[in-house]
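All values derive from a computational prediction rather than experimental measurement. Scope of the values below: all heavy atoms of this structure, side chains included, with no hydrogens, waters or symmetry mates. Here is the naming used below: chain letters follow the sequence lines, and residue numbers restart at 1 for every chain.
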Amino acid sequence: GAVVSQHPSWVICKSGTSVKIECRSLDFQATTMFWYRQFPKQSLMLMATSNEGSKATYEQGVEKDKFLINHASLTLSTLTVTSAHPEDSSFYICSAIDRGSKETQYFGPGTRLLVL
Amino acid sequence: AQSVTQLGSHVSVSEGALVLLRCNYSSSVPPYLFWYVQYPNQGLQLLLKYTTGATLVKGINGFEAEFKKSETSFHLTKPSAHMSDAAEYFCAVSQAGTALIFGKGTTLSVSS
């Protein structure tokens with residue numbers, strides 16, 4: 001089946017630093033990837049839609065200058081949390097849609113970010 | 001706009017009992033419907049999905065769900081609960097090529 005990987009799986013950083021999270025589709029091409037955020041004991045909330053070769057579309061309330069998304073190829077999207085603060089600590093999950101079949105999104109294993 | 005409501009944030013059953021997790025959706029167009037399971041500190045695993053065709057959908061681990069358009073529901077069932085089924089379950093709705101809209105989740109507890 002289709003596999004999506006995320007790297008790193010765990011990251012701890014100091015407040016004010018930037019953190020980059022990678023999302024890769026390993027065995028399919030994904031023209032569209034999504035970034036979600038999940039706070040403890042809560043559901044997943046869509047942050048942004050990442051389209052290959054174009055600017056990301058951000059959901060209301062998500063700061064595009066703080067959460068930089070780049071989708072430079074059909075298999076890679078990156079999310080950079082700039083000037084991270086403790087309130088950015090969360091579980092970040094990406095998903096990808098196979099360009100050949102748009103019915104199912106394949107989710108990555110998630111990246112847990114802890115900002116001290 | 002699409003939305004999902006999961007009735008009951010916490011469901012407790014005994015091992016061997018029927019599992020029923022409720023999901024109602026709202027969508028102005030024919031929806032794609034999904035159930036995902038999440039174990040502690042892990043990502044999401046797809047249990048089953050409905051896109052078109054047969055309204056009774058069978059998934060992994062003995063779970064199934066039935067799409068009822070008249071009731072705008074997509075409830076998840078399993079005839080006999082197992083201890084390993086204890087987890088967080090999310091119902092989600094989308095259209096082809098769009099992001100998933102998730103419900104708030106239901107925590108399933110299974111007691112011996």
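- Each of B:Gln38, B:His10, B:Glu88 was compared with B:Thr107 under the side-chain hydrogen bond (donor to acceptor under 3.5 Å, both in side chains) criterion, and only B:Glu88 meets it.
- For a residue to count as touching a neighbouring chain, one of its non-hydrogen atoms must lie under 4.5 Å from one of that chain's; by this rule B:Ser94 does not touch chain A.
- Here B:Gly97 is the residue among B:Gly105, B:Ser9, B:Gly97 with the most heavy-atom pairs under 4.5 Å with chain A.
- Counting heavy-atom pairs closer than 4.5 Å to chain A, the top-ranked of the candidates B:Gly103, B:Ala99, B:Ala92 is B:Ala99.
- Among A:Ile97, A:Ile93, A:Thr49, A:Leu44, the residue making the largest number of heavy-atom pairs under 4.5 Å with chain B is A:Leu44.
- A donor-acceptor pair is defined here as one N or O able to donate and one able to accept, closer than 3.5 Å; such a pair exists between the side chain of A:Ser89 and the backbone of A:Val115.
- B:Ser73 and B:Asn24 are not linked by any side-chain donor-acceptor pair at a separation below 3.5 angstrom, with hydrogens and angles left out of the test.
- Contact annotation: the side chain of A:Thr111 never approaches that of A:Trp10 to less than 4.5 Å [non-hydrogen atoms, C-beta and beyond].
- Of the atoms belonging to A:Gln105, heavy atoms from both backbone and side chain fall under 4.5 Å from chain B.
- The part of B:Phe90 that comes within reach of chain A is its side chain, from C-beta onward, which places non-hydrogen atoms under 4.5 angstrom from that chain.
- B:Gln6 is not listed as a side-chain neighbour of B:Lys104, based on a closest heavy-atom distance of 4.5 Å or more.
- For chain B, the nearby part of A:Gln38 is the side chain; its heavy atoms alone come within less than 4.5 Å.
- Top candidate by heavy-atom pairs under 4.5 Å with chain A, chosen from B:Leu44, B:Leu100, B:Thr51, is B:Leu100.
- The aromatic rings of B:Phe67 and B:Tyr50 sit parallel to each other, their planes meeting at less than 30°, with 60° as the upper class boundary.
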